[in-house]
Visitor: 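Take this structure, written in C-alpha cells, and hold onto it; I'll ask about it next.
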Amino acid sequence: MSRHPSHSAAASGPVTTEDPQAPFLALLARGASADAYEQPVLLARAEGATRERIAALEAAKALALRVRAEMEGRRRREAELSALFETAHDLAGLRDLDAVLQAIVQRARSLLGTDVAYLTLNDPVRGDTYMRVTEGSVAARFQQLRLGMGEGLGGLVAQTARPYVTDDYGHDVRFQHTHSIDAGVGDEGLVAILGVPLMLGAQVIGVLFASDRRARVFEREEIALLGSFGALAAAAIDTANLLTETRQALNELERANEIIRDRSGVIERASDVHDRLAELVLRGGGVHDVAAGVSQVLDGTVEFTEAEAAPGRALEASRADGHAVRHRDDWVAAVAAGGELLGALVLRGHPGLDPVDQRTLERAAMVTSLLLLARRSAAEAEQRVRGELLDDLLDGRDRDPRLLRERAERLHADLAATHVVLAARLESTGDAEQEAAARRRLWSAGNHLAATRHGLAAARDGGTVLLLPAHTTAASELASQVAARLSEAIHESVTVGASAPVAELVETAAAAYAEAQRCLDALRLLGRTGQGAAAEDFGFLGLLLADSRDIGGFVARTLGEVVTYDERKGTDLLRTLDAYFASGMSPARTKDALHVHVNTVAQRLERVGRLLGEDWQTPERALEIQLALRLHRLAAQDMA
C-alpha cells in the first residue's frame, strides 16, 4: 500500500519540485541566445511533465525573455553612451577643423555600422549646402555634390532643421529629386539614407549623414543616436571655427599687451575690448562674432538674442537708462538705435560684474547696434538702387542707354539677356492705411523674390513691377509662380500679369511693362484675381493684349495639330472645318458644300475632335478656331 501512490505518480509523469524559473535564470546568467530559452520547455514536454509544470515553464520563459530584452537594451544604451562620451572626449582635444570633420564622419559610420558616412556644410553666400567630408565614398561626382535648400534629402534637412530618413531614396517621392543629386547618389550606389541637422542654437550649419548601399530601415534609436552625435559634432565645428577666427586676433592682442603691460588691469581690459571690437568691425564681423569676442574678455558666455527672447523688464530698463541691467545671475544690455529695439546682449551666469566689465558689455551692445544698422542700410540702399534702375528702364525714352547699361553692369544685371516683366497688384479691401501697409509688404516681398532670382523690383503704379530672368520657364508659368509666392509671403491675394520674354531691355522694357499691365487688367476683369498669366493664356484675346501680334503663334497653338495632320496624311480636315462653320455647324449642309457623303463629314469631324480635344465645339473654343481658320487662310493668300 505504501508503494502504490508512488507507482501511480510514476505512471502519470515525473514529479519535480524544481523552481520553473531556475533554468531560465541560469540562461540569463550565462547570456544565452534567445533560441536557448525554448530548451527547458521542450525538455519538459519530452519528459512528459504535467500541464501545470509546462504552463509554469512557459510563464517563466516569457518573463525571462522580457528580462533578457531589457538587459540587452540597457547594454546597448550603455555602449552608445560610452561611444558618445569617448567621441566627445576625443573631439574636445581636436584643434584643426579638417581633423574635426574627418573624426565626425568616421565615428558616425562606426557607430551605426553603415557603408558610407558624410557631412555637408551650409554656404550662406550661395544659399546652398555642399559636400565637405566623406568616409567610405568611392564616387568622385558624389564627393563634389552641392544641394540647394529643399533639394534632395540633405537639402530638406538643411532647410527644415529636422532629421529625415528613407529606406529607398531613389523611389522616395517625398524629396525634390534633381539630376545632379540623383546622379551622384546613383554613382555611389546609395539606397538607405539618414540625415540629421547640425545645429548651433536655432541655426543649421550642416547635415550629418549615415547611408547604406542596400535597403535598410533605420530604427528610432539609431536616429536619436546620430542626432546626439550631430549635436556634439556641431559644437566641435563651432569650437574649431572660433579658434581659427580668433588666432589672428590673439596674435594682435599679444603685441598690444607687451606695450601696456605696466599699466593697470582696468586699462588693459579696456584696450583689449577696444581692439577686439574694432578688428571685428573692420573685417566685417557680425553680431555673433562680437558676442564671441566679448565672451572671451569677460570670461563668460555672451549671446545675442532677439528682443522677444530677452527678459522683458530688464531689457526695457536697459534701453531706458542706456546701461546693462542685472537679471538674476545674468546681465542684459539692450541693443537699440533711434528708439528702435533691435535685440539684446546677455551675459550668462556672471552675477558679480565689476563696473569696467559692465561698461565693456555696454560698449559691445553699442557696436552690435551699429553693425545691425549698417547691414540694414546697405541692404536698403541696394534695393533702392536696383529699384531706381528698373524705374529708369521703364522710362527708357528719357534716359541715356549707355548709362543704363553701365549701371546695370555695376549691379551684375545683364540687360541683353532674356527677361520677363511682371506687374503685380494687391486685391486688398481694407482701409487706406491697411492697404498702404500691404503695398509696402508687397514691395518688400517682391524685392526679396527678385534678389533670390537675380532680377529687379520696384514699386510702381500702385503695385510692384518685377524683372526676372526667363531662363527656360515660360512666361505664363513664371507669372503663376510669382503670384503664388507673393500671395503666400504677404498673406494677401496678389494678381500678376506677365509680358512675353524680351531681350535688350533698354529698348523693350517699357513696352513689355505695358503688355504685363494689360494682362493684369484682363485677369481682374475676368474675375481671376489672385492668379498669374501671360498673353498666351488668353487665346485670341491674347492677340489684343500682347505688344507684338504673334498671329502665327496663335494659329499654331489653335490649329497646329490639324494643319500637321493634313500635311502628313494629305487629308482635307482644314477645308472640312471651314465648310462646317460656314454651314452653321450643320453636317448635312457641310456634305453638300463639300460634295461628299454625310458619313465622310462625320468621320472627319471625329478626327478633328481627337486632334483638338472634346471641347472644340464649345462656344469659346469654336470662336477661337474660326478666328484661327481665317487668319490661316489670310496667311496662305499672302504667301500665294
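All residue numbers refer to positions in the sequence shown, counting from 1. Values below: every heavy atom of this structure, side chains too, minus hydrogens, waters and symmetry copies. Fair warning: this is a prediction, and the values are worked out from it, not measured in the lab.
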Visitor: Please name all residues satisfying salt bridge (Lys or Arg N to Asp or Glu O under 4.0 Å) with Asp572, sequence neighbours left out, ordered by chain then number.
Guide: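 Asp572 satisfies salt bridge (Lys or Arg N to Asp or Glu O under 4.0 Å) with Arg575 once adjacent residues are dropped.
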
Visitor: Quick one: side-chain contact (heavy atoms from CB on, under 4.5 Å) partners of Asn122, sequence neighbours excluded?
Guide: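 Once residues adjacent in sequence are excluded, the partners of Asn122 under the side-chain contact (heavy atoms from CB on, under 4.5 Å) criterion are Thr129, Met149, Ala158, Val204.
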
Visitor: Do the side chains of Pro197 and Val207 get nearer than 4.5 Å, heavy atoms only?
Guide: no

Visitor: Only counting residues at least two apart or in another chain, list the ones meeting ring pair (Phe, Tyr, Trp, His ring centres under 6.0 Å) with Phe218.
Guide: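 Partners of Phe218 by the ring pair (Phe, Tyr, Trp, His ring centres under 6.0 Å) criterion come out as none, since no residue qualifies.
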
Visitor: Tell me, yes or no, whether the heavy-atom count around Arg220 atom CZ, taken from other residues, nucleotides or ligands under 6.0 Å, exceeds 12.
Guide: no

Visitor: Would you check if Ile490 and Leu486 make a side-chain contact, meaning some heavy-atom pair closer than 4.5 Å?
Guide: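 No, too far: nothing below the 4.5 Å cut-off.
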
Visitor: Can you name the one residue among Val165, Leu194, Ile193, Leu147 that meets side-chain contact (heavy atoms from CB on, under 4.5 Å) with Leu153?
Guide: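 Single side-chain contact (heavy atoms from CB on, under 4.5 Å) partner of Leu153 among Val165, Leu194, Ile193, Leu147: Ile193.
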
Visitor: Between Thr590 and Leu605, is any pair of side-chain heavy atoms under 4.5 Å apart?
Guide: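 A side-chain contact under 4.5 Å is absent here.
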
Visitor: Could you work out, with salt bridge (Lys or Arg N to Asp or Glu O under 4.0 Å) as the rule, every residue matching Asp461, not counting sequence neighbours?
Guide: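 Residues passing salt bridge (Lys or Arg N to Asp or Glu O under 4.0 Å) with Asp461: none at all.
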
Visitor: Parallel, tilted or perpendicular: which describes the rings of Tyr169 and His177, with under 30° parallel and over 60° perpendicular?
Guide: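 Geometry flag for His177 against Tyr169: tilted rings.
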
Visitor: According to ring pair (Phe, Tyr, Trp, His ring centres under 6.0 Å), who are the partners of Tyr118, at least two apart in sequence or on a separate chain?
Guide: Phe142, Phe209

Visitor: If you compare all heavy atoms of Ala475 against all heavy atoms of Ser499, which two are closest, and at what distance to 0.1 Å?
Guide: CB-O, 3.4 Å

Visitor: Take Leu121 and Ile237 through the test side chain to side chain contact (heavy atoms under 4.5 Å, CB included) and record every step on the way to the result.
Guide: CA-CA 10 Å; Leu121 293 180; Ile237 292 172; 4.2 Å; yes

Visitor: Any non-hydrogen side-chain atom of His448 less than 4.5 Å from a side-chain atom of Thr452?
Guide: yes

Visitor: As a quick check of understanding, evaluate side chain to side chain contact (heavy atoms under 4.5 Å, CB included) for Leu119 and Arg132, giving each step before the final call.
Guide: CA-CA 6 Å; Leu119 182 148; Arg132 184 66 169 80; 4.2 Å; yes

Visitor: With Arg216, which residues qualify under salt bridge (Lys or Arg N to Asp or Glu O under 4.0 Å), at least two apart?
Guide: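 With sequence neighbours excluded, Arg216 shows a salt bridge (Lys or Arg N to Asp or Glu O under 4.0 Å) to Asp212, Glu222, given in chain and number order.
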
Visitor: Walk me through it: do Ser487 and Val494 pass the test side chain to side chain contact (heavy atoms under 4.5 Å, CB included)?
Guide: CA-CA 5 Å; Ser487 297; Val494 179; 3.5 Å; yes

Visitor: With distance as the sole criterion, is a donor-acceptor pair present between the side chains of Tyr565 and Glu561 under 3.5 Å?
Guide: no

Visitor: Quick one: are Arg485 and Arg453 in side-chain contact, heavy atoms under 4.5 Å?
Guide: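 A side-chain contact under 4.5 Å exists here.
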
Visitor: Just to verify, what does Ala436 make a side-chain contact (heavy atoms from CB on, under 4.5 Å) with, not counting sequence neighbours?
Guide: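 Per chain and number, Ala436 pairs via side-chain contact (heavy atoms from CB on, under 4.5 Å) with Arg440.
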
Visitor: I need the minimum non-hydrogen distance between Ser137 and Gln143, along with the two atoms involved.
Guide: OG-NE2, 3.1 Å

Visitor: Do Gln102 and Val105 have side chains that approach each other closer than 4.5 Å (heavy atoms only, starting at C-beta)?
Guide: yes

Visitor: Would you mind reporting whether Arg607 and Thr571 have side-chain heavy atoms less than 4.5 Å apart?
Guide: no

Visitor: Sort and list the pairs that fulfil salt bridge (charged side-chain N to carboxylate O under 4.0 Å, His left out) and have at least one residue in residues 133-144, not counting sequence neighbours.
Guide: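 As it turns out, the salt bridge (charged side-chain N to carboxylate O under 4.0 Å, His left out) pairs with a partner in residues 133-144, which skip direct neighbours, are Arg109-Glu135, Arg141-Asp187.
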
Visitor: Nearest 0.5 angstrom please: Leu145 CG to Asp182 CG, how far?
Guide: 10.0 Å

Visitor: Does Glu151 have any salt bridge (Lys or Arg N to Asp or Glu O under 4.0 Å) partners at least two apart in sequence or in another chain, and if so, which?
Guide: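 Applying salt bridge (Lys or Arg N to Asp or Glu O under 4.0 Å) to Glu151 gives none.
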
Visitor: Among residues two or more places apart or on two chains, list those pairs meeting ring-ring contact (aromatic ring centres under 6.0 Å, His included) that have a residue in residues 582-613.
Guide: none

Visitor: Do other residues, nucleotides or ligands put more than 12 heavy atoms under 6.0 Å from Arg162 CZ?
Guide: no

Visitor: Which salt bridge (charged side-chain N to carboxylate O under 4.0 Å, His left out) pairs, counting each pair once, include a residue from residues 113-124, with sequence neighbours left out?
Guide: Asp115-Arg214, Asp123-Arg146

Visitor: Does anything in residues 581-603 form a salt bridge (charged side-chain N to carboxylate O under 4.0 Å, His left out)? List the pairs, not counting sequence neighbours.
Guide: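 Pairs touching residues 581-603 that pass the test: none.
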
Visitor: Do Thr120 and Met131 have side chains that approach each other closer than 4.5 Å (heavy atoms only, starting at C-beta)?
Guide: yes

